[in-house]
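Some notes on the structure that comes next.
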Protein chains: 2
Amino acid sequence: MAVTIRDVARASGVHVSTVSRAFSAPHLVNPETRTRVLAVADDLGYRPNRAARALTTGRTHNLGLIVADISNPFFPPLIKAAQEQARLRDYHVFVADTDEDPKVEEDLIQTLTKQVDGVLLCSPRLTNRTIERLREEVPFVLVNRRVKGMATVLMDVARGARLAFEHLTALGHRRLALVTGPSGSWTSKEMQEAAAATRDVDVAFLGPNQPTELGGLAAAADVIASGATGVLAYNDLVAIGLIEGLAERGVDVPGDISVIGVDDIVAGRLSRPKLTTIAMPTAAAGRIAVDMLLQSVDSQAATGVTMLETTLIVRESTGEAHT
Amino acid sequence: MAVTIRDVARASGVHVSTVSRAFSAPHLVNPETRTRVLAVADDLGYRPNRAARALTTGRTHNLGLIVADISNPFFPPLIKAAQEQARLRDYHVFVADTDEDPKVEEDLIQTLTKQVDGVLLCSPRLTNRTIERLREEVPFVLVNRRVKGMATVLMDVARGARLAFEHLTALGHRRLALVTGPSGSWTSKEMQEAAAATRDVDVAFLGPNQPTELGGLAAAADVIASGATGVLAYNDLVAIGLIEGLAERGVDVPGDISVIGVDDIVAGRLSRPKLTTIAMPTAAAGRIAVDMLLQSVDSQAATGVTMLETTLIVRESTGEAHT
DNA sequence: ATACTTTTTGCAACCGGTTGCCGAACCCGA
DNA sequence: TCGGGTTCGGCAACCGGTTGCAAAAAGTAT
């Protein structure tokens, strides 16, 4: 059926091992022989069988990429970048979606483990303990989650949150709120810490909430009840939902309440009012994470933390407080 | 290192073939033996090596899923559903993104081909000829694209478009416009045909456009120039961008112009005005496509067309024409 | 020309499963 | 107790590559 290495060997009058080496260890074969073999291989349309290769080398040349929810616009740029980077290194990527469910997440990892050389865990909801257990089975790189001793790519949300709160206080807001995300979220925790560290103003914690528009919609009542006039939302989706929820209750943004999101998704740029937000370098995170992962696949040295900068982008959803 | 089938065989005092059969051909082994073997396997933490299995069976138990752009909110529900369905059948899914580029798309298919048992092609931008050539190499199922003799899942956009135009004319609009998508798009073509078939009203074709908010934003000028008061956009993203573009030019939706989108993405439900749109059963499409694909992987019978219904959802972006 | 390297190639085992074939064990009825 | 039919399990080849080892070839020094 498919053309194998033996077909190529026969057609070019050399042993299969020579063909194999022509591909995977060029320096071990006479350049002349090599070009001939390659020509024949190309002629026959030979493509190495990755399953066979995986069997002997123990390398599948596949990576796993696990995200909480593909539908969240935060992830696609990261996924795209990761895939592109992986492709450059001749790796393929399995993308899996956990539906924000830690149990699904663990299952998924278990299943993937045998099929991939490494796993990228984005914003995992698992406990540290579980992550540490799982790391025994397969190399990991974490994105947006901190576990001691593990390779990690972080985006500096704490700083972003600080910028957000400073922006709000500079506008005269004195009662602030933080609409948090899911409970297992590192991002959420970082934001809370940043909030706790801001002086001279109250920051109410409202949550946990689903990290979606619906979550924001549902949080609108809480926000109003809290009396806050400036709020930082877990992400843009939540912010957009929140703004909608507030509008339904006759509260204007930014007239009555200022809202800041996180992620800088495209929808935020086009919603009305345009969303003030903290931009996250997701594509860079994806690329870097893949590089770290491949590195730790080769050498067992799988540590190191990369911190990426975030930026506050001021648009229309924040305004001066009415004193 | 990892526990293999031979370890299990040794530990349970049977031959490897028996262990193998205990897993993949239960009826060929004594129930008693089987349970014992399974117990031992479980005890040892044995997991079959998929690469090894793939080597002998020729089945990788992987599927490829190729989409034009993961960032387009239209796809994630489809991807999720497809993955879930695949997982139920013990298959994994490679998701790949072509960036709307036919060349990347072809490359991707070529690379994936050897790694998967079948490929799901969503809204491909390739030519029919190319698709027909590629189908020789691996089973395909197409989503949102019609190529004779190939297994296909379609969503009835033509009918949806008809409903949209009827809705607009019923509101009194007499000059309509269709903001089309990319040139290779089947959906776009269907919409154009539906437009051409509507009687008693002009439908101007504006395009091609990028299938994103930016595309819609850019199309705003054309729409105004066309003098249309009712427009159907290629998808919700385009519609949202268009509404924004119109707003920037002082044109109100739905006051001055009515806009209808396609896909019913969440953002449309939360944008202002809430988007009137044609809902697409994307999750169902993903599930069904996977089933068709797996079916055509087993038996070579790879044909059949499934057409899924679409629905018009009227929200706030359409209104009466001012006569 | 001989001995000794170094490069190039072939040989064959191996990775971890699957599967066709065959014999052993077991069941049944006569 | 024996023949015939099932069921069960073992044997071994095979899938398509990779790789350690050794032989062959080519190059170098003496």
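Residue numbering restarts at 1 for every chain, and letters A, B, ... go by the order of the sequence lines.
Nearest nucleotide to the side chain of Pro48(A), out of dG17(C), dG17(D), dA12(D): dG17(D). Residue Ser17(A) has its side chain nearest to dG10(C) when only dG10(C), dG17(C), dG17(D) are considered.
Of the residues near DNA chain D, Thr18(B) and Ala52(B), the one whose nearest nucleotide (by heavy atom distance) lies more toward the 5' end is Thr18(B). Nearest-nucleotide positions on DNA chain D for Val14(B) and Thr56(B) put Val14(B) closer to the 5' end.
At dT18(D), one or more side-chain N or O atoms of Ser20(A) fall inside 4.0 Å of OP1 or OP2 (strictly under the cut-off). For the OP1/OP2 pair of dG16(D) and a distance below 4.0 Å, the side-chain nitrogens and oxygens of Tyr46(A) include no atom meeting the criterion. Applying the 4.0 Å criterion to OP1 and OP2 of dT18(D), one finds that Ser24(A) has a side-chain N or O inside that range.
With sequence neighbours excluded, the residues that form a side-chain contact (heavy atoms from CB on, under 4.5 Å) with Pro77(B) are Thr282(B).
Taking atom CG of Leu55(B) as the reference point, atom P of dC14(D) lies 14 Å away to the nearest angstrom. When the P atom of dT18(D) is taken as reference, atom CZ of Arg50(A) falls 12 Å away, rounded to whole Å. In this structure, Asp7(B) places its CG atom 13 Å from C1' of dG17(C), rounding to the nearest Å. With rounding to whole Å, Arg59(A) atom CZ is found 14 Å from dG16(C) atom P. The separation between His15(B) atom NE2 and dC22(C) atom P is 17 Å, rounded to whole Å. Atom CD1 of Ile5(A) is separated from atom P of dC11(C) by 14 Å (rounded to the nearest Å). Atom C1' of nucleotide dC14(C) and atom CG of Asn49(B) are separated by 14 Å, given to the nearest angstrom. Rounded to an integer number of Å, the gap from Arg47(A) CZ to dG17(D) P is 12 Å.
Using modelled atom types, one finds no donor on one side chain facing an acceptor on the other under 3.5 Å when comparing Ser17(B) with Ser20(B). Side chains of Gln83(B) and Asp97(A): a donor-acceptor N/O pair is absent below 3.5 angstrom, by distance only.
Across all non-hydrogen atoms, the minimal contact from Pro211(A) to Asn72(A) is O-ND2, 4.0 Å.
Near DNA chain D, meaning a heavy atom under 4.0 Å away, there are no residues from residues 26-44 of chain A.
Judged by distance alone, with hydrogens and angles left aside, Arg21(B) brings a side-chain donor or acceptor within reach of the base of dG10(D), the pair sitting under 3.5 Å. For Arg6(B) and dG17(C), a side-chain-to-base donor-acceptor distance below 3.5 Å is present, hydrogens and geometry of angles not being considered.
Salt bridge present: Lys148(A) and Glu132(A) bring a charged side-chain N and a carboxylate O closer than 4.0 Å. A salt bridge does not link Glu84(B) with Arg287(B): every distance from a Lys NZ or Arg NE/NH1/NH2 to an Asp or Glu carboxylate oxygen is 4.0 Å or more.
Exactly one of Arg125(B), Arg133(B), Arg129(B) qualifies for a salt bridge (charged side-chain N to carboxylate O under 4.0 Å, His left out) with Glu106(B). That residue is Arg133(B).
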